[in-house]
Number of protein chains: 2
Amino acid sequence: MATLADVAREAGVSKATASRALTRPDMVAAATRERVTAAAGRLGFHANRSARALTTGRTGMVGLVVPTLANPFFAPLVLGAQRAAEEADAHVLLSVSEYDPGREAALTDRLGEQADGVVMVAPVGSDAELRERARRSPVVLVDRRVGRLPAVVLDTAAGAAEMVGHLLELGHRRLAYVAGPPGSWADEGRRAAMTERVAAAGARLTVLGPVTPTFDTGIATAAEVPHEVTAVLAFNSLVTLGLLHGLRAAGRRVPEDVSVAAGDDLTALGATDPAVTALEVPVEEAGAVAVQRLLELCAGAAGRSTTLTTRTVLRASTAAPRRA
Amino acid sequence: MATLADVAREAGVSKATASRALTRPDMVAAATRERVTAAAGRLGFHANRSARALTTGRTGMVGLVVPTLANPFFAPLVLGAQRAAEEADAHVLLSVSEYDPGREAALTDRLGEQADGVVMVAPVGSDAELRERARRSPVVLVDRRVGRLPAVVLDTAAGAAEMVGHLLELGHRRLAYVAGPPGSWADEGRRAAMTERVAAAGARLTVLGPVTPTFDTGIATAAEVPHEVTAVLAFNSLVTLGLLHGLRAAGRRVPEDVSVAAGDDLTALGATDPAVTALEVPVEEAGAVAVQRLLELCAGAAGRSTTLTTRTVLRASTAAPRRA
DNA sequence: ATGAAAGCGCTAACAA
DNA sequence: TTGTTAGCGCTTTCAT
């Protein structure tokens, strides 16, 4: 491994100059810069991250704590985070908390030691816990808001309300919502927004669940959809898929007997039969933005939050209810 | 942040002794060790990883390159890797290559610089590429074998053959296999093993695909299952789910008209209706073992490979064919 | 069994 | 603009 000293020698300058030429090009004469860059190239030089970290106090690594990877929400999230990190020449340190607040705390601390900061997707831990973490190292929350901590939020509450609006416009009066994970911050927001919207329209919303949003709970929940309900919105695409399966098994046609819509678009919902109306949620962007915010935060910027909006994608699974 | 010097002072010993007490307890008198440990505890001391890495040349980080996270195979894989790393007080640096050999190469190099070694799940890159990577830094391959490079392999070929054996015993003579990702090493192995087994029994195997194994391609492929076929095995649980959906939509009952089995058990297949017979694949273990092997490799051990076996789980989706 | 001292590769004052 | 020098926090000879 070539070291900075090698590069400096090869270029006929001091280590300091070589360092500057490589990390702060504008502090060095153009000619020198060129000689150094050339030398570095020739030697295949890559600065030793550990050494740099030791002097600067910055590791160039961002921690990412997610509750699970078994939920399709996290694939694009992690991808976005990694891309943003790559862009900034940083690396992603991943930990899976398995929805265990204790593990989450421990892992975050472990990561915090090693990373410049951590992006947390913490749907279950307590506010106090999160505040405490944020005091120890820079933290950016995803899909959750805790006081004034910097967060990247997917406004699925507004999206869900918009979706409900669409269903109401179609003429539905009896709606159902298959609620998401018990205790989920995102779920509560959606529920509140939908309830309000439905009430304002003088219609009725039945809340089913909450259930852990998986394919099988979707199937199971299908049996609980009241017969007078003509439109169902489900927490995410997984439950929705199950719901579709279950509804059909019970002999209820979609959308003739009941309209179905999904709270996210994470499992190709455009290819099912019928194609499912869904909320398009910019999850990859959320991951990317979270990392960018975190990096800004580490660079001394003030923490700021971002709200990302969703888009309603209408497909064949929603239609006007049959006249009673 | 408390430093080693602080601990040493607090314990009334030299930095060297403090270091030894913490990292090589047996090189130090029991009493001293205790005083140091106590002092470290009191001060909440955690060795600075960068400093340690600088002196030892080991970062305590393992790279993990996966092609995607959108496939349920990778959730347990990553989880296992992370757990094993945690166990060894190491961290996981994750990169997603998106099935792009170029990106895979670039990311691996980037990781290799920073990590002590990398675990690669590289279903698509060329053998030569992988050999080249392995020369630059310790590498452990997952679910792929390249020459004598250390690898952790899931023996799904044997598993698939066993599954076929089960179907043959039930009396099926016309089988179909929905093949996995084009160019997949694992898929080719399974195909060969199954073909051999079927031929030996004098039965026939139709290969459908290969297709990218998703829910929708499963649905689409259902239409291509020949009518005389009485048993279908699909590459993974995702396609299988789609297949089930598609078969039913086409009016073919499972298992009465056609038996269905899955090449893995990564999406709760026990809760569908009917519950699906599947190969149980120890993916989490594969991730864990890969990291352990890598760490051993970094510690100077010889590279060795491991084969993990699968288990056939019989459920309601497979039955004897109806008499023609 | 312990301590003193050197040094890993880099950056950052401070001088020139 | 460039060079000199002094560490960052740790491990590790080499003495003792």
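The chains referred to below are lettered A, B, ... by the order of the sequence lines, with proteins before strands, and numbering in each begins at 1.
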Please tabulate, for side-chain N and O atoms in residues 11-29 of chain B, each donor-acceptor pair with protein atoms closer than 3.5 Å (sequence neighbours left out).
unit_1: B:S14; atom_1: OG; unit_2: B:A16; atom_2: N; d: 3.4
unit_1: B:S14; atom_1: OG; unit_2: B:T17; atom_2: N; d: 3.2
unit_1: B:S14; atom_1: OG; unit_2: B:T17; atom_2: OG1; d: 3.2
unit_1: B:T23; atom_1: OG1; unit_2: B:S19; atom_2: O; d: 2.9

Using a 3.5 Å cut-off and no angle test, enumerate the donor-acceptor pairs between side-chain atoms of residues 294-305 of chain B and protein atoms at least two apart in sequence or in another chain.
unit_1: B:E296; atom_1: OE2; unit_2: B:R293; atom_2: NH1; d: 3.2
unit_1: B:S305; atom_1: OG; unit_2: B:A151; atom_2: N; d: 3.0

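Between the side chain of A:T59 and the main chain of A:Q114, a donor-acceptor pair closer than 3.5 Å is present.
The line from CG of A:L64 to CG of A:L93 is 9.5 Å long, rounded to the nearest 0.5 Å.
The side chain to side chain donor-acceptor pair (under 3.5 Å) search around B:E129 returns B:R133, not counting sequence neighbours. Contacts of A:Q292 classified as side chain to side chain donor-acceptor pair (under 3.5 Å), with partners at least two apart in sequence or in another chain: none. The side chain to side chain donor-acceptor pair (under 3.5 Å) search around B:E34 returns none, not counting sequence neighbours. The salt bridge (charged side-chain N to carboxylate O under 4.0 Å, His left out) check on B:R52 picks up nothing, with sequence neighbours excluded.
Within the structure, salt bridge (Lys or Arg N to Asp or Glu O under 4.0 Å) contacts touching residues 114-123 of chain B (residues at least two apart or in different chains) are B:R58-B:D116. Sorted by first and then second residue, the salt bridge (Lys or Arg N to Asp or Glu O under 4.0 Å) pairs involving residues 83-108 of chain A (not counting sequence neighbours) are A:R49-A:D89, A:R83-A:E284, A:R83-B:E98, A:E86-B:R103, A:D89-B:R110, A:E98-A:R103, A:E98-B:R83, A:R103-B:E86.
Between its two ends, the helix from C:dA1-D:dT16 to C:dA16-D:dT1 turns its axis by 30°, counting five pairs per end and rounding to 10 degrees.
Heavy atoms of A:T32 sit under 4.0 angstrom from primed sugar atoms or phosphate atoms, though from no base atom.
In this structure, A:D127 pairs ionically with A:R144, as a charged nitrogen and a carboxylate oxygen lie closer than 4.0 Å.
On the nucleic acid side, DNA chain C contacts chain B at distances under 4.0 Å to non-hydrogen atoms, with the end points of that region at C:dA1 to C:dG9.
Atom CZ of B:R148 has 12 or fewer neighbouring heavy atoms from other residues, nucleotides or ligands inside a 6.0 Å radius.
Using a 4.0 Å cut-off on heavy atoms, none of the residues of residues 107-116 of chain A approach DNA chain D.
Residues B:V28 and B:L54 each lie close to DNA chain C; by heavy-atom proximity, the contact nearer the 5' end of the strand is made by B:V28.
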Contacts under 3.5 Å, N or O only, protein and nucleotides 10-13 of chain D:
unit_1: D:dC10; atom_1: OP1; unit_2: B:N48; atom_2: N; d: 3.2
unit_1: D:dC10; atom_1: OP2; unit_2: B:L4; atom_2: N; d: 2.3
unit_1: D:dC10; atom_1: N4; unit_2: B:K15; atom_2: NZ; d: 2.6
unit_1: D:dT11; atom_1: OP1; unit_2: B:R52; atom_2: NE; d: 2.7
unit_1: D:dT11; atom_1: OP1; unit_2: B:R52; atom_2: NH2; d: 3.0
unit_1: D:dT11; atom_1: OP2; unit_2: B:S19; atom_2: OG; d: 2.7
unit_1: D:dT11; atom_1: O4'; unit_2: B:T55; atom_2: OG1; d: 3.4
unit_1: D:dT12; atom_1: OP2; unit_2: B:R24; atom_2: NH1; d: 3.2
unit_1: D:dT13; atom_1: O4; unit_2: B:R20; atom_2: NH2; d: 3.3

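For the pairing with B:V291, the side chain to side chain contact (heavy atoms under 4.5 Å, CB included) check across B:V119, B:V152, B:V142, B:V140 returns one residue only, B:V119.
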